[in-house]
A.B. asks: 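Before we start, here is the structure in question, set down as structure tokens.
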Amino acid sequence: VIVTAELPGLTREQVKIEVNDGRLTLQGRRDARVPCEQYHQVERGHGEFSRTFALPPTVDVERIAADLRDGVLTITIPKSPDRGPLRVDVS
């Protein structure tokens, strides 16, 4: 699973990623560079944001990797190794 988010102007310190209970939450805060009262229209929003995504049960949450490059955050969530059917011996 690959999640991408366009986050121009944000630093790694302004982005928070959490995985809990089969959900991935992406949070952050973009500070206003100048007071908005001086403009009629601002193209980039500011303030806090949060998005939550449900993860399939077949992912390996221990190997999640995130990279922020050129304003694009890429979160890579690999699948768990396929173990096949589990055989249980009867005693």
Side-chain angles (χ1 to χ4, degrees):
V1 176
I2 297 176
V3 177
T4 59
E6 295 178 6
L7 304 174
L10 263 64
T11 64
R12 288 172 173 80
E13 292 77 26
Q14 292 173 299
V15 177
K16 180 179 175 183
I17 302 169
E18 290 184 350
V19 177
N20 190 16
D21 252 354
R23 297 184 183 276
L24 179 129
T25 301
L26 170 63
Q27 297 175 321
R29 177 171 180 79
R30 178 180 288 122
D31 297 323
R33 294 185 181 212
V34 294
C36 291
E37 295 83 27
Q38 298 178 6
Y39 293 92
H40 295 287
Q41 182 174 344
V42 177
E43 292 292 327
R44 276 193 201 147
H46 59 275
E48 294 182 10
F49 63 89
S50 176
R51 299 290 183 271
T52 301
F53 306 93
L55 297 175
T58 58
V59 299
D60 185 357
V61 296
E62 300 296 324
R63 296 185 3 207
I64 293 177
D67 181 45
L68 180 62
R69 186 175 306 168
D70 297 329
V72 177
L73 175 68
T74 303
I75 304 170
T76 306
I77 310 162
K79 287 185 175 182
S80 296
D82 187 18
R83 295 183 185 144
L86 177 64
R87 181 184 171 131
V88 177
D89 294 327
V90 178
S91 57

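Computed from a predicted structure; not experimentally measured.
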A.B. asks: Check which hydrophobic residues are tied to Val3 through side-chain heavy-atom contacts below 4.5 Å, counting indirect links as well, and list them.
C.D. replies: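 Val1, Leu7, Leu10, Val15, Ile17, Val19, Leu24, Leu26, Phe49, Phe53, Leu55, Val59, Val61, Ile64, Leu68, Leu73, Ile75, Ile77, which link up through side-chain heavy atoms under 4.5 Å apart, make up the rest of the cluster.
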
A.B. asks: Mind checking the CD-CZ spacing from Glu48 to Arg29? Nearest 0.5 Å is all I need.
C.D. replies: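 Here the interatomic distance stands at 5.0 Å.
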
A.B. asks: What's the shortest heavy-atom distance between Arg30 and Pro8, and which atoms?
C.D. replies: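 Taking every non-hydrogen atom into account, NH2-O, 3.2 Å.
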
A.B. asks: Can you name the residues that form a salt bridge (Lys or Arg N to Asp or Glu O under 4.0 Å) with Lys16, not counting sequence neighbours?
C.D. replies: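 For Lys16, the residues satisfying salt bridge (Lys or Arg N to Asp or Glu O under 4.0 Å) (neighbours in sequence not counted) are Glu18.
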
A.B. asks: Output yes when a side-chain donor or acceptor of Asp60 lies under 3.5 Å from a complementary backbone atom of Glu62, and no otherwise.
C.D. replies: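 Judged by distance alone, yes, a pair lies under 3.5 Å.
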
A.B. asks: Nearest 0.5 Å please: distance from the CZ atom of Arg12 over to the CZ atom of Arg69.
C.D. replies: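 One gets 8.0 Å once the value is rounded to the nearest 0.5 Å.
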
A.B. asks: What's the shortest heavy-atom distance between Arg23 and Ala54, and which atoms?
C.D. replies: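 So the two residues come closest at NH1-CB, 4.1 Å.
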
